[in-house]
Novice: 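There's a structure below that I have some questions on.
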Amino acid sequence: MNNILITGGCGFIGSNFIRYLLANSNYRVVNLDCLTYAGNLENLISVETNPKYKFFKGNICDSSLVSEIIKNEKIDCIINFAAESHVDRSILDASIFVQTNVLGTQTLLESARKTEIKRYIQISTDEVYGSLGAEGYFTETTPIAPNSPYSASKAGGDLLVRSYVETYNFPALIMRCSNNYGPFQFPEKFIPLIIANALNDKAIPLYGDGLNIRDWIFVEDFCRAIHCVLEKGRIGEVYNVGGNSEKNNKELVKIILERLNKPESLVTKVTDRLGHDRRYAIDYSKINQELGWEPLCKFEEGIQQTIDWYVNNKQWINNVCSQRYLDYYARNYKGLEK
Ligand code: NAD
Ligand code: TYD
């Protein structure tokens, strides 16, 4: 049995991945998470007592803790999900993004390279490629050109990973995925924000003209892609992952409101995000051809499952969004009472 260290496992994608891996493999999972506002132990209640699961509260920037865990838990593989992940927050203050996404990644790499780690996967984002016009797709050879402090910090992490592969022959891979959606996503990101606000008949802030495009992928499809790369990905490679499901923000809100039977009048146009990337779209032919992965969940099915989950887990939304956070969020981001 392999021992895998998942960092940031209490967040959205990390918690979905831990549940997926425990259900679909024989790995023993060690989760290191410092529990920021986006990390919630509640996301992993269903596996808390699983003998193949162990949690450590701690920061990836703490090199002695990271080294101790790798040694004591006999870690073979690491997947780094830990990050500050929200573009709007990075525009307000980039410092914690640089700390976690750049320095934290370097700390993990440095601790890991001194051990016998077999595989390290850096969970990155298509946002490192910048923005597309109406045509074209990001491939793994698209030059990196991040536009937000968030994507710049993720690109910094990616470049450090690359340098460790080249310099130390470190067995790392990078995955760059498009926008995920699904259960357990913190309601600062657009899809859960639309659902949470609509359920409470609150205004839904739509940035700018609402025509920015994202390529949406159901989180379980991304979890399958990570598992694939964990088992079969080639060391030193970058793999792009996408959902084959481009939507602009206006149509996305419309679809969700229709399904919730809520009026479009909830949508409120607000000032555009600074440096707002126009379009992301992924060419995932490399992972498809090399590893046989493709997205399986159609957007119509994934969004219904997601809506149903939030409708059935209203208490989760209340629990993760403390009033202090919501006040701060409303004050700083939207000019809206939420
Ligand atoms: P999230 O914000 O929901 O979760 C991040 C988790 O990391 C939280 O549990 C948080 O407590 C933890 N964390 C933050 N800083 C930490 C630190 N210094 N030490 C230890 N733990 C720390 O993020 P997510 O949406 O689950 O994203 C996970 C990863 O996937 C990130 O690296 C993100 O850049 C990447 N990604 C996300 C998306 C998306 O659509 N959500 C798309 C592509 C890539
Ligand atoms: P988001 O979920 O923050 O993901 P990212 O910026 O990393 O792609 O935003 C998705 C899209 O939705 C993006 O074009 C910005 C837009 N958006 C809004 O229009 N209103 C909102 O309140 C938020 C959070 C996002």
Side-chain angles (χ1 to χ4, degrees), residues 6-17 31-41 43-44 56-62 65-66 79-91 96-97 99-101 103-105 107-108 122-128 131 147-148 150-151 153-154 157-158 175-182 184-194 197 203-217 219 222 226 241-243 247-250 252-253 267-273 275-280 282 320 329 333-334 336 338:
I6 304 289
T7 64
C10 295
F12 164 49
I13 306 177
S15 63
N16 276 283
F17 183 71
N31 175 13
L32 172 65
D33 195 304
C34 71
L35 302 180
T36 67
Y37 75 95
N40 291 289
L41 287 174
N43 296 357
L44 285 165
F56 287 91
K57 182 173 186 305
N59 199 307
I60 59 166
C61 298
D62 181 345
L65 174 66
V66 170
I79 307 184
N80 182 25
F81 292 88
E84 288 296 332
S85 66
H86 192 35
V87 173
D88 292 328
R89 291 169 55 89
S90 80
I91 293 168
I96 185 74
F97 286 74
Q99 230 167 72
T100 290
N101 302 357
L103 295 177
T105 297
T107 306
L108 274 178
Q122 177 75 359
I123 300 300
S124 187
T125 165
D126 61 353
E127 301 191 24
V128 299
S131 183
N147 292 321
S148 71
Y150 162 67
S151 54
S153 68
K154 291 297 289 184
D158 287 13
M175 298 185 71
R176 296 189 179 133
C177 189
S178 61
N179 289 60
N180 280 235
Y181 68 96
F184 297 99
Q185 186 168 30
F186 194 83
E188 66 186 349
K189 306 283 167 42
F190 199 33
I191 287 186
L193 179 102
I194 298 169
N197 281 18
I204 295 161
L206 184 68
Y207 297 166
D209 62 7
L211 297 179
N212 303 67
I213 293 173
R214 299 292 183 261
D215 172 12
W216 294 99
I217 182 171
V219 65
F222 186 34
I226 300 169
V241 180
K247 302 259 174 287
N248 75 40
N249 295 333
K250 236 176 162 170
L252 183 67
V253 184
V267 177
T268 308
K269 285 204 170 173
V270 298
T271 312
D272 206 356
R273 173 188 280 172
H276 195 173
D277 285 338
R278 194 62 170 170
R279 174 172 168 255
Y280 304 142
I282 283 268
V320 301
Y329 194 72
Y333 300 132
K334 314 283 177 200
L336 277 180
K338 301 206 316 163

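Each ligand, and each atom within it, is numbered from 1 in the order the structure gives. Fair warning: this is a prediction, and the values are worked out from it, not measured in the lab. Positions are given from 1 along the sequence.
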Novice: Can you sort out which atoms of ligand 2 are near Asn212, meaning under 4.0 Å from one of its heavy atoms?
Specialist: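 The atoms of ligand 2 under 4.0 Å from a heavy atom of Asn212 are 14 (O).
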Novice: Counting heavy atoms only, which of Asn16, Ile123, Asn179, Leu44 is nearest atom 30 (O) of ligand 1?
Specialist: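 The option holding the nearest heavy atom is Ile123.
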Novice: For ligand 1 and Gly11, I'd like to know whether there is a polar contact (N/O to N/O, distance under 3.5 Å).
Specialist: yes
Novice: Can you see whether Arg214 engages Tyr181 through a side-chain donor-acceptor pair at a distance of less than 3.5 angstrom?
Specialist: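 Short answer, no.
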Novice: Where is the nearest protein heavy atom to atom 9 (O) of ligand 1: which residue, which atom, and how far?
Specialist: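 Closest protein heavy atom to atom 9 (O) of ligand 1: Asp33 OD2, 2.5 Å.
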Novice: Do Thr100 and ligand 1 have an N or O pair less than 3.5 Å apart?
Specialist: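 Yes, there is a polar N/O contact under 3.5 Å.
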Novice: Give the atom numbers and elements of ligand 2 that come within less than 4.0 Å of a heavy atom of Asn179.
Specialist: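 Near Asn179, meaning under 4.0 Å from one of its heavy atoms, ligand 2 has 4 (O), 5 (P), 8 (O).
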Novice: For ligand 1, is Phe186 a contact, meaning one of its heavy atoms is under 4.0 Å away?
Specialist: no
Novice: Does the residue Gly9 have a heavy-atom contact with ligand 1, meaning some pair of atoms that are separated by less than 4.0 Å?
Specialist: no
Novice: Test of understanding: given a 4.0 Å heavy-atom threshold, classify the contact between Lys154 and ligand 1 as side chain, backbone, both, or neither.
Specialist: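 It is the side chain that gets close, since no backbone atom is under 4.0 Å.
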Novice: Just distances here: any N/O of Cys34 and N/O of ligand 1 closer than 3.5 Å?
Specialist: yes
Novice: Looking at ligand 1, does any of its N/O atoms fall within less than 3.5 Å of an N/O of Thr36?
Specialist: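 Yes; the residue has a nitrogen or oxygen that sits under 3.5 Å from a nitrogen or oxygen of the ligand.
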Novice: How does Leu193 reach ligand 2, by side chain, by backbone, by both or by neither, if only non-hydrogen atoms under 4.0 Å count?
Specialist: side chain
Novice: Does ligand 1 have any atom sitting under 4.0 Å from a heavy atom of Cys177?
Specialist: yes
Novice: At less than 4.0 angstrom from any non-hydrogen atom of Leu206, what atoms of ligand 2 do you find?
Specialist: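 It comes down to these atoms of ligand 2: 19 (O).
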Novice: Within less than 4.0 angstrom of ligand 1, does Ser15 place any heavy atom?
Specialist: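 It does not; every heavy atom stays at 4.0 Å or beyond.
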Novice: Does ligand 1 have any atom sitting under 4.0 Å from a heavy atom of Tyr150?
Specialist: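 In this structure, Tyr150 qualifies as a contact of ligand 1 - some heavy atom is under 4.0 Å.
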Novice: Is Asn40 in polar range of ligand 1, meaning some N or O pair under 3.5 Å apart?
Specialist: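 Not met; the criterion fails.
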Novice: Tell me the nearest of Asp62, Ile6, Ile60, Leu41 to atom 19 (N) of ligand 1, using heavy-atom distances.
Specialist: Ile60
Novice: What atoms of ligand 2 come within less than 4.0 Å of a heavy atom belonging to Glu188?
Specialist: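 Result: 24 (C).
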Novice: Below 4.0 Å from any atom of ligand 2, is there a heavy atom belonging to Tyr280?
Specialist: yes
Novice: Do we see a donor-acceptor contact under 3.5 Å between the side chains of Asn80 and Thr7?
Specialist: yes
Novice: Where is the nearest protein heavy atom to atom 38 (C) of ligand 1: which residue, which atom, and how far?
Specialist: Ile13 CD1, 3.6 Å
Novice: When you measure from the heavy atoms of Thr7 to every atom of ligand 1, does any distance fall below 4.0 Å?
Specialist: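 The answer is no, since Thr7 has no heavy atom less than 4.0 Å from ligand 1.
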Novice: Would you check the N or O atoms of Phe12, main chain and side chain alike, for any that come under 3.5 Å of an N or O of ligand 1?
Specialist: yes
Novice: Please work out which of Ala83, Cys61, Ser85 has its closest non-hydrogen atom nearest to atom 23 (O) of ligand 1.
Specialist: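 Shortest heavy-atom distance from atom 23 (O) of ligand 1: Ser85.
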